[in-house]
Amino acid sequence: MLADGKSQPPKPSFVSRVLAVLIKAVVLIGFLFVFDKLLPSISEQTQSFVVAKWQQMSLLQQELPTENSLPSPLPEKNLTDTWGAARSQGRSHEGIDIFAERGTPIQSTTQGIVSKVGENNLGGRVVVVVGPGGAGHYYAHLEDYADIAPNDWVNQGDIIGYVGDSGNAKGTPPHVHYGIYINGSAVNPYPLLQKD
């Protein structure tokens, strides 16, 4: 009994104390196991994101493409200026079409960061690469994609996909629609491409 007349709580038994320590140890080991499994994934994603943002900032400091500065996405294929041609639903063509055999590799016209690999209604299977000056390079109607994903870095000449007729081009001769967007507005890519 304590001096104030109250009784002291009983001390936990040896078995209870050992059991409490074991439970805490199991919880700690479980937490460390989960942390160990998640940390590499989180670390890789964070590192990839940071590198992509650094590269993007670096690209924004570079000059926009100029006349005859970009190679064709389909080397040795005929280039025709189809910019502004009439399209369905009162639209006008915001790029150029370059025709080639189905499955022909499409090369990136620029170095940059892949910002999209996916589908949309008009373009079908599309790839977007953000290049110097923040220009968006849009490749549409692909048959298939190369082994690329958003935030990947590509160099000029790297294969980004393959010629097809996806999207609203279904049933037309296989081609790639190539467009360039600067500050969100389409610009004619034809003058910027090198002619053979």
Side-chain angles (χ1 to χ4, degrees), residues 45 47-83 93-169 172-196:
Q45 290 173 2
Q47 182 179 359
S48 173
F49 177 79
V50 169
V51 168
K53 289 303 170 195
W54 176 259
Q55 290 170 328
Q56 193 172 28
M57 288 176 57
S58 171
L59 285 170
L60 290 174
Q61 304 304 313
Q62 297 176 24
E63 295 294 320
L64 286 165
T66 58
E67 194 168 319
N68 296 315
S69 67
L70 299 173
S72 173
L74 297 176
E76 300 176 18
K77 297 298 177 187
N78 186 43
L79 297 180
T80 304
D81 190 354
T82 57
W83 170 265
H93 199 216
E94 293 187 343
I96 66 169
D97 292 335
I98 308 168
F99 294 87
E101 298 76 29
R102 184 180 305 279
T104 301
I106 301 166
Q107 297 180 9
S108 179
T109 59
T110 183
Q111 67 177 3
I113 298 169
V114 175
S115 68
K116 179 173 183 165
V117 177
E119 295 193 26
N120 67 36
N121 289 340
L122 296 176
R125 292 181 192 94
V126 303
V127 170
V128 178
V129 175
V130 176
H137 299 259
Y138 176 74
Y139 307 83
H141 308 311
L142 279 58
E143 179 75 14
D144 203 0
Y145 310 107
D147 186 18
I148 57 173
N151 293 328
D152 282 355
W153 178 266
V154 293
N155 290 309
Q156 189 178 71
D158 285 354
I159 295 171
I160 54 154
Y162 302 91
V163 170
D165 67 347
S166 61
N168 69 350
T172 65
H175 65 280
V176 63
H177 168 96
Y178 175 61
I180 296 179
Y181 292 82
I182 296 175
N183 297 324
S185 297
V187 298
N188 187 352
Y190 184 78
L192 305 177
L193 292 170
Q194 299 164 359
K195 320 306 181 288
D196 289 334

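Computation of the quantities below employed the complete heavy-atom set of this structure, encompassing side-chain atoms and omitting hydrogens, waters and symmetry-equivalent molecules. None of these values were measured; they are calculated from a predicted model.
Ile96 has its side chain within reach of Leu193: a pair of non-hydrogen atoms, C-beta onward, lies under 4.5 Å apart. Side-chain contact between Leu59 and Trp153 is present, with at least one heavy-atom pair separated by less than 4.5 Å. Side chains of Val126 and His177 form no contact here, defined as non-hydrogen atoms less than 4.5 Å apart. Between Tyr145 and Ile160 there is no side-chain heavy-atom pair separated by less than 4.5 Å. Annotation: side chain of Asn168 is in contact with side chain of His141 (closest heavy-atom distance under 4.5 Å). Taking 4.5 Å as the limit, every side-chain heavy atom of His137 sits out of range of all side-chain heavy atoms of Tyr181. You'll find the side chain of Pro65 stays beyond 4.5 Å of the side chain of Thr110, heavy atoms only. For the pair Ser72 and Leu74, the minimum side-chain heavy-atom distance is below 4.5 Å.
Although no hydrogens or angles enter the test, the distance criterion places a donor-acceptor pair under 3.5 Å between the side chain of Asn120 and the main chain of Gly123. Judged by distance alone, with hydrogens and angles left aside, the side-chain atoms of Gln156 form a donor-acceptor pair with the main-chain N or O of Thr109 at under 3.5 Å.
With rounding to the nearest 0.5 angstrom, the CD atom of Gln107 is 12.0 Å from the CG atom of Asn155. The line from CG of Asp97 to OG1 of Thr172 is 8.0 Å long, rounded to the nearest 0.5 Å.
Pro105 and Ile159 get closest at one heavy-atom pair: CB-CD1, 3.8 Å.
Under a cutoff of 6.0 Å and an axis angle of 45°, Lys195 and Tyr190 form a cation-pi pair.
Checked for salt-bridge contact, Arg102 and Asp165 meet the test: a charged N lies under 4.0 Å from a carboxylate O.
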Assess whether side chain to side chain contact (heavy atoms under 4.5 Å, CB included) is satisfied between Ile106 and Tyr178, documenting all intermediate values.
CA-CA 10 Å; Ile106 301 166; Tyr178 175 61; over 6 Å; no
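In Asn121, the CG atom is not crowded: 12 or fewer heavy atoms of neighbouring residues, nucleotides or ligands sit closer than 6.0 Å.
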